[in-house]
Structure formats: C-alpha cells, structure tokens
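Side chains are part of it too, since the values below use all heavy atoms of this structure and drop only hydrogens, waters and symmetry mates.
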Amino acid sequence: MLGNEAIARGAYEAGVKVSAAYPGTPSTEISEYIAGYDEIYAEWSPNEKVATEVAIGASISGVRAMASMKHVGVNVASDPLYTVSYSGVGGGLVLVAADDPGLYSSQNEQDTRCVARAAQVPVLEPSDSQEAKDFVKLAYKLSEEYDTPIILRTTTRLAHSQGSVTLEEREQIEDKVYERNAGKYVMMPANAIKRHLYVEQRMKKMAEDGNHFAINKAEYKDTSIGFITSGIPYQYVKEACPNASVLKLGMVYPLPRKLIEEFASRVETLYVFEELEPVIEEQVKSWGIKVIGKELFTVQGEYSANMIRERILKETVMERKPVEVPARPPILCPGCPHRSVFSVLNKLGIHAAGDIGCYTLGAVAPLNVIDTTICMGASISTLHGMEKGKGKEYIKNWVAVIGDSTFMHTGVNSLMNMVYNQATGTVIILDNSTTGMTGHQDHAATGKTLKGEIVPAINIYKLCQAMGIEHIIEVNAFDIKELERIIKEEVERDSISVIITKSPCVLLKGNVFPYKCKVEKDRCKKCGMCLKPGCPALTKKEDGTIAIDATMCNGCGLCEQLCKFDAIVKESVK
C-alpha cells in the first residue's frame, strides 16, 4: 500500500466514523481512499479549519474522527487545533499532517512538529506503510486514554511510497455517551485556564509513559555509534549503518527523556538524524546530552542514506551521472483556460496578485503575469492592501486571480473584506469547475461530494452578488476579444468588480473535445503570435513555420484567435 492508503486503512480498522479534509499534496489520497469505505462518512470541507472543526464536533459527540491536510493546511487549522488541545476529546481525534521536505509541491518547508510543540499536541511519526496503518490505530487509543488530539505526522516520501501491509478487521468501537461539560468544552477564560493546567499535567504524563511505549524502541548493536531518529530517516539510517545502535522514536513529541538518557549513556558517539528543524536535537541538548546533529546535516530538503555515508562514514559516494534530457519547465496543459486569461493580461500589461493553484504557473515565461503568491486566498487580500497603500489609480494596473476551489477555501472572506472596507479592485475568479492542482477533487461549487453524491452547487455569481458587489461578469475564458474588452472596462472602475472566467479544466473526466487545430502552411507568415501563450502543442520548425501536435491539441482555439492571417483553423474530430 501507499503510505496514504495505509493511513486510510488504519482509520477504517480503528473504527473511525467521520473524516474531513481539504485536498493538498501530499495528503490528498488519504481522503480519497477513506471515501471507499462505506462505514466512514467522508467529506471535502471548504478548508482545513472547517475540516478540523467538523472532526472536533464528531469527537465531542462521542465518535472517532479524523482531519487530514498538508503542512500549510495546519496553519489554516491552527485556531481550532490550539484550543482542542485544551478541551480534549470525546471520541478519539487524529489530525494527519503531511509535511513536504524538499518542497515538491508547497510554498514553504515548515515542520509540523514545531506547531505541535507550540499547541502541546502529541505527535506520532511512522516510518513505513505498515506503521502508518498501525500508528493510526494507536493514535486513537492514546487520544482517548490521555484525552488529547493526536497529530500523525507524515512526509511526501512516506505518503507516496509503498510497503507491505497486513490487514485486520474493523474494530467495533461503541460511541461514547455525550455528557454536557461546559468546563471541558466551553473555552472561555475561566475554563481555559484550568484546562491549561490539565494540558501541562497530561504532557508530563505522556512524556513519562513514553519511556515504555513500544513505538519508542532502542535497537542495540555496535555501541560505538548511535542514532536517534524517526520516520523515513530511520530507513536511511538502517540502510547506511545497519550495524549501528538506533533509538527509533515513534512518538516524537513529547520526548521520552529517560529512554533517551539511557540510550545516550550506552553509545560512544550519538547523532540525531531528523529532517527539517532540529526539534529532537534541541530538546536533547537542553538536557545536557552531547549529540551531533545540524552541524553535519541540513535543515533544508529531504535526507538520504548517502548523507550518512558521506558525512559520518566519510565514504566516497559514487555520483550518478545525470541523464541528459531536454529541460522541462512546469507549464500549463494544452487547452488550459488559465493560459487564455493570462495571455490577455500579458497583452494588456496588467500585473496579477496570484494564489495557490495550477494558475501560479502564470508567473513563469512566457506568460509572466503573476507577481505574488503567498497562501490560499491571499491574492484578493494582497490586492486590497495594495489599493489601500497606493491608491485607486495604482490598482488600475493590477488584478487578483484566484481559482474556484481556492475562492471557496479562503477567498470568500477576502472578497467580503474588500466589500466591507469599500475597496477598489478587479478580482478574476478562474472557474475551471474543479480543484485542479491536486488531481481534480470536487468542492462546494461543483455540485458533487467526496462520496460522489450529487448536491446543489454553490453559485459563485450569486454568492458575490449577495455580498453587495454590483459589477459581476461571467465570460467564457476562451473568448479573448470579449475578455479583453471586459478587463479593460473593469479595471477602470472606482469600485469592486468580479470577473468569473468559466471553462472546465481540460483534464476533467468526461470532457469531449470536438475540434483540433491545424496549420494552413501556405498562409503562415511566421510571425510567432500563436506561440506567445506558450502552448506546448505548438512548435516552431526550422523554416519558421508553425506545427501543431495533434496528439496534444485540445482544440481550445486560443492560437486560432491569435493568428491574424487565418493560418490556423479548427477541424472537427471525426
């Protein structure tokens, strides 16, 4: 099983009844696998904060619940997370946080263990698919035993690698009877201060008990060298130094001090091998234990067995000669509606405050439109801040661009803020009817749930209208003449305007493309206008004429519209 599939299986076997999430690589598949179990209610929530609150509500009612997200989603969920640490749980509550060492699909490389330490939430970290499943089940037992939410921390390498997993039956967990307890669940100051004392006591007890947890285990071999490690880095230690002594931590917060002190006393040279921040290292050093860590190993990116071979064993590692392949920069798909919008913005010389999604690629050549990307929903707020800082005239050369899923995630609040604070600015909602970047998940505006149920879709136009926005225009993303006219008109307004560009993602299942584009060579003037948007289906031959790869072309017609000489035509697909 993939690590993510194993986590889903663990939720099933643990008797989980409610799962909520917002898609985000590398955590997305967890919920998609969970949706295959009829015994578990599973949903895509609008964002991670809502997902966490849904799971908290289910837990309070007395059932086991899970919320899943990537590491930056933990930031969005931090408000309820910090407070549920105080209130504790009813049924077991697990938050799966998928970190991304190496920045394969993220805007930062933060370490969830740092958040967990600040929120005082215990963290379990599996090192393979079998442990991913088993640790989920253990997390629920610990959650209920210690009255605490538990974070299960994974990484991209664990989430997307495979390992053998032994399956077991689903546990039949009786729902806990809900008992009203305002002192526990109503976190106003008088109650919260008492619960804070409880949290401190709980964490001390878990740290003490952790000395005897089976998932924290010392593997003694050659005691001249020892490693403290956890998660995927454990696999690298075992590969590079199979005969070394290893203290493998399954619970990485709170740390089992006595176990660590005992292990340190029995090895001559001790290393901490942990990806990202020196969370374990700093704690161990604070106890006066001599340990080597970030002096040798980076705080950036993924680790490997070769790091140990080179920096500890002083071995010469044979470097593999990289295969010579053509450069392949990230690029929007052929027929992507975002390319059409960005080509118009590029032509008009308009800057765009960007957001999180496929459309972030509008920042790179040849489109070069996106100037900022911060976090989910930030495009609209960024535009708002620019207008308040530099004035209405300045903002007439800017727009905010945001996808439909990201708009539902946190863009709604940002747009509401513009309305409330009487802002000026043009917001373009790129509605491609899906959450494209993470693999085409549905959301509240698509009319379909994670379980595949057909439901009423939130109407983005009417939602904007309900906020009191007067100027809202829907337009086909590929009608570039009309789109250009609308953008020119809307950016000149001294008020808020919303342009909703509507065209489904070309990769959505069920999409039928009735046309392909073809070049009429005798009409081609070799001007290159059709190449400006950077569609990968178009190439320039040695003689300067344009060729279109029919296997890639989706017949969107953008190149046809850009050609002034009718050298590109649409042909029906037979």
For this session: Would you sort out whether Val401 and Ile370 count as a side chain to side chain contact (heavy atoms under 4.5 Å, CB included), showing the intermediate values?
Result: CA-CA 8 Å; Val401 295; Ile370 301 291; 3.4 Å; yes
For [Y], does its backbone N or O pair with a side-chain atom of [X] as donor and acceptor, under 3.5 Å?
X	Y	answer
Thr28	Gly24	yes
Ser414	Gly377	yes
Thr449	Glu453	yes
Gln561	Phe478	yes
Arg339	Cys333	yes
Thr435	His440	no
Arg523	Ile568	no
Asn432	Lys502	no
Thr373	Thr360	no
Thr406	Ile402	no

For this session: Using distance alone, with no hydrogens and no angle criterion, decide if Thr551 and Asp549 have a side-chain donor and acceptor under 3.5 Å apart.
Result: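 Yes, because at least one side-chain N or O of Thr551 sits under 3.5 Å from a partner of the opposite role on Asp549.
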Problem set entry | Exercise: do Ser31 and Tyr22 side chains pair donor with acceptor under 3.5 Å |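 Checked: Ser31/Tyr22 side chains show no N/O donor-acceptor pair below 3.5 Å.
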For this session: Take Asn413 and Asn417 through the side-chain hydrogen bond (donor to acceptor under 3.5 Å, both in side chains) test and state the conclusion after the steps.
Result: CA-CA 6 Å; Asn413 290 346; Asn417 183 56; over 6 Å; no
Search all heavy atoms of [X] against all heavy atoms of [Y] and return the closest pair with its distance.
X	Y	result
Thr112	Ala97	CG2-CB, 3.7 Å
Ile331	Gly534	CD1-O, 3.0 Å
Ser59	Leu93	OG-CB, 4.0 Å
His443	Ser433	NE2-C, 4.5 Å
Asp100	Ser105	OD2-N, 2.9 Å
Val506	Pro334	CG2-O, 3.5 Å

Problem set entry | Check against side-chain hydrogen bond (donor to acceptor under 3.5 Å, both in side chains), Glu32 and Gln441 | CA-CA 9 Å; Glu32 292 176 332; Gln441 291 76 33; 2.7 Å; yes
For this session: Determine the interplanar angle of the Tyr37 and Tyr12 rings, folded into 0 to 90°, and report it as parallel if under 30°, tilted if 30 to 60°, perpendicular if over 60°.
Result: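 Rings of Tyr37 and Tyr12: parallel, as their planes differ by under 30°.
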Crowded around [X] [atom1]? As in, over 12 foreign heavy atoms under 6.0 Å?
X	atom1	result
Lys451	NZ	yes
Ile193	CD1	no
Glu474	CD	yes
Lys532	NZ	no
Lys518	NZ	no

Quick one: does [X]'s side chain get under 4.5 Å of [Y]'s, heavy atoms only?
X	Y	result
Pro23	Trp44	yes
Tyr185	Ile60	yes
Ile458	Met408	yes
Val573	Pro514	no
Leu562	Pro533	yes
Thr382	Met386	yes
Ile356	Gln107	yes

Would you mind checking if [Y] and [X] are paired as a salt bridge, meaning a charged N to carboxylate O distance below 4.0 Å?
X	Y	result
Lys396	Asp494	yes
Glu492	Lys488	no
Glu571	Lys516	no
Glu482	Arg485	yes
Glu484	Lys347	yes
Asp99	Arg153	yes

Exercise. Can you pull the ring-ring contact (aromatic ring centres under 6.0 Å, His included) pairs that have at least one residue in residues 70-105, sequence neighbours excluded?
Worked result: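 Counting only pairs at least two positions apart or across chains, the ring-ring contact (aromatic ring centres under 6.0 Å, His included) contacts touching residues 70-105 are Tyr86-His196.
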For this session: Start with the C-alpha distance between Lys70 and Ser106, add both sets of side-chain angles, then the distance that settles side-chain hydrogen bond (donor to acceptor under 3.5 Å, both in side chains), and finish with yes or no.
Result: CA-CA 9 Å; Lys70 68 183 296 177; Ser106 306; 2.9 Å; yes
Rounded to the nearest 0.5 Å, what separates atom [atom1] in [X] from atom [atom2] in [Y]?
X	Y	atom1	atom2	answer
Leu483	Ser343	CG	OG	8.0 Å
Arg9	Asn4	CZ	CG	16.0 Å
His384	Leu415	NE2	CG	11.0 Å
Asn346	His351	CG	NE2	11.0 Å
Ile480	Ile487	CD1	CD1	11.0 Å
Leu332	His338	CG	NE2	7.0 Å

For this session: Check the pair Gln110, Asn75 against side-chain hydrogen bond (donor to acceptor under 3.5 Å, both in side chains), reporting the backbone distance first and the verdict last.
Result: CA-CA 10 Å; Gln110 72 188 50; Asn75 301 335; 2.9 Å; yes
N/O donor to acceptor pairs below 3.5 angstrom from side-chain atoms of residues 423-430, sequence neighbours left out:
from, atom 1, to, atom 2, distance (Å)
Thr426, OG1, Glu490, O, 3.3
Thr426, OG1, Ser497, OG, 3.0

Problem set entry | Chi angles and distances behind the side chain to side chain contact (heavy atoms under 4.5 Å, CB included) call for Asp175, Lys17 | CA-CA 10 Å; Asp175 295 357; Lys17 287 192 173 181; 2.8 Å; yes
Exercise. When you look at Val419 and Ile496, which way does the side chain to side chain contact (heavy atoms under 4.5 Å, CB included) test go after all the steps?
Worked result: CA-CA 7 Å; Val419 175; Ile496 299 171; 3.8 Å; yes
For this session: Mind running side chain to side chain contact (heavy atoms under 4.5 Å, CB included) on His409 and Val76 for me, showing each step along the way?
Result: CA-CA 10 Å; His409 180 281; Val76 182; 4.1 Å; yes
